[in-house]
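Written below as structure tokens is the structure these notes are about.
Throughout, a chain's letter reflects where its sequence line sits, starting with A, and its residues are numbered from 1.
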Protein chains: 2
Amino acid sequence: MRFLHSTLGLVVLTKDILGEGKCSLKFQAVDIGKAASAATLIFEALRKAIVEGDLVEGEALRQDEIARRFNASRIPVREALTMLEQQGLVKTERYKGAVVAGLSLGEADEIFEFRALVESEIIGRAVPKMTDRILQDARGYFEDFRNSKDPMAWGDLNRNFHWTLYSASELPFYLGVIDNAMNRIERYLRTQLVMSGENERANAEHLAILEACETGDAQRASELTRAHILGAKASLRLHMPQSGA
Amino acid sequence: MRFLHSTLGLVVLTKDILGEGKCSLKFQAVDIGKAASAATLIFEALRKAIVEGDLVEGEALRQDEIARRFNASRIPVREALTMLEQQGLVKTERYKGAVVAGLSLGEADEIFEFRALVESEIIGRAVPKMTDRILQDARGYFEDFRNSKDPMAWGDLNRNFHWTLYSASELPFYLGVIDNAMNRIERYLRTQLVMSGENERANAEHLAILEACETGDAQRASELTRAHILGAKASLRLHMPQSGA
DNA sequence: ATAATGTATTTTGGATCCAATTCGCAATGC
DNA sequence: GCATTGCGAATTGGATCCAAAATACATTAT
């Protein structure tokens, strides 16, 4: 924050946006270059639908139909589909189009084990960097999750809780990889969270993780996170129908 | 293998391709659906050029020029660029095009640490599954690397050596993530391998890793791999010029 | 009736065309 | 002289058009 004299003789209080102090404007500026393209909007909408399970495994994604529904041409749709394919959320075969990708039991197991390895490392390195603000936010999401009666909201609240803690790690590469891994299995986790007892177990484990973070016990937070994820893996093994590739 | 009577009265020896035994053909069949599209070919060519450092950080990738060089339209080029962006190899800004992405020192450090964590896990789980064939192949790449006088080949040979050992793990998700992580830093590793002493050090460490695998000591192979990667990180920290965000 | 073949429709991949934005540079005003 | 403005070229994002392949369906021969 600085005081500036404008050319109109007014003294204005302004934030120095976009780095340079050359141009003093009296309004909030946004980087218009970040405006979403049609392809990005379609990509995000389709990703959300797949991650949340609205588009089910094996379902064909017709370019023409998607283009009509978004009132766009097929070009941005194809761009969105290539993005989804790079993330492993759809599988494409030449001249046959894209279908929503599924996971076999073995693939799901592998992703859970991967998450256990990487997320335990992330949270262990995040604990020393957690501010009070982050711990408060995490506790908020923890309580939202515990109090929520809406099964459709559990997936997001669960993810918000973990993500808030992880964000303190300042490890963007790790976080990007984990974000992708989460997207791949979230569908199955959501169905699993509504199973009997799973919700309560998750809650108890969340509380233990949160308390370890609050007391600054990185080692314990790491081990609890590892157990939390491997427990979800074992639980899914019992409930998950044989499916996928 | 089975003996079949063809409609021409000939007895032919054939492999049962593609599952069904209904159609008896006297030649090797390939799945034509796997033929590469123009977009894939362009993507792979550009990725190779970026990974090997032929396209340097910050360099702009003009759709029109690339399209001309591949004798194609801009459509498959744009598809290739979106794939590269998803892999973090280029950065795109709306209406400004794609530029080759670079790594800051901090980002490179993070990727090295990530690799140390994940690859040590991979090789630890791979050791019990390594066949004689895999160990022989790995030794072959090790010796190729040791004997090669061509610095341009070192990058590939180094990667082949590690990849052969990792492939025994049967962890495709882990391997996909690591493949991507390797692509992001290979440019810097290549320049580093030609530095004084780095080549010899890598060789000695490779030999130790290989011997641990041959003796079935998973724990030791894991620790040596971790040290090998963290050593490369420390070395790069000394040699790498301050660059790219 | 059934299996094989031929044909029409659907769908994808790629080329071409158009609009919107950025960039380079000259012209202008202070 | 230097910052600002206005235009034209270069470049990207998206729409439309066309060719190639796949799928569905009708036809034919056995």
Practice prompt. On DNA chain D, check which nucleotide each of A/Ala72 and B/Ile32 is closest to and give me the residue with the more 5' one.
Written response: A/Ala72
Worksheet item: Does A/Tyr95 or A/Ala38 map to a spot on DNA chain D nearer the 5' end, using the closest nucleotide for each?
Response: A/Ala38
Item to complete: Mind calculating the distance between CZ (A/Arg74) and P (C/dC17) to the nearest angstrom?
Response: 18 Å
Discussion item. By the 4.0 Å heavy-atom rule, please label A/Arg94 as base, sugar-phosphate, or nothing.
Written reply: sugar-phosphate
Practice prompt. Give one of base, sugar-phosphate or nothing for B/Leu61, where a contact means two heavy atoms less than 4.0 Å apart.
Written response: sugar-phosphate
Worksheet item: Are any of the side-chain nitrogens in B/Glu113 or B/Lys233 under 4.0 Å away from the carboxylate oxygens of its partner?
Response: yes
Worksheet item: Between B/Glu44 and B/Lys48, is there a salt bridge with N-O shorter than 4.0 Å?
Response: no
Worksheet entry | Nearest-neighbour nucleotide for the A/Lys96 side chain, D/dT23, C/dG13, D/dG14 considered | D/dT23
Worksheet item: Does B/Arg78 get its side chain close enough to the base of D/dG14, under 3.5 Å, for a donor-acceptor pair?
Response: yes
Worksheet, complete the sentence: Only residue of B/Arg74, B/Arg78, B/Arg68 satisfying side-chain hydrogen bond (donor to acceptor under 3.5 Å, both in side chains) with B/Gln63 is B/Arg74
Worksheet item: So does B/Gln63 get a side-chain nitrogen or oxygen closer than 4.0 Å to the phosphate oxygens (OP1/OP2) of D/dA10?
Response: no
Worksheet item: Taking only N and O in the side chain of A/Arg62, is any of them less than 4.0 Å away from OP1 or OP2 of C/dT12?
Response: yes
Worksheet entry | Working for side-chain contact (heavy atoms from CB on, under 4.5 Å), residues B/Ser148 and B/Leu157 | CA-CA 9 Å; B/Ser148 172; B/Leu157 293 172; 3.8 Å; yes
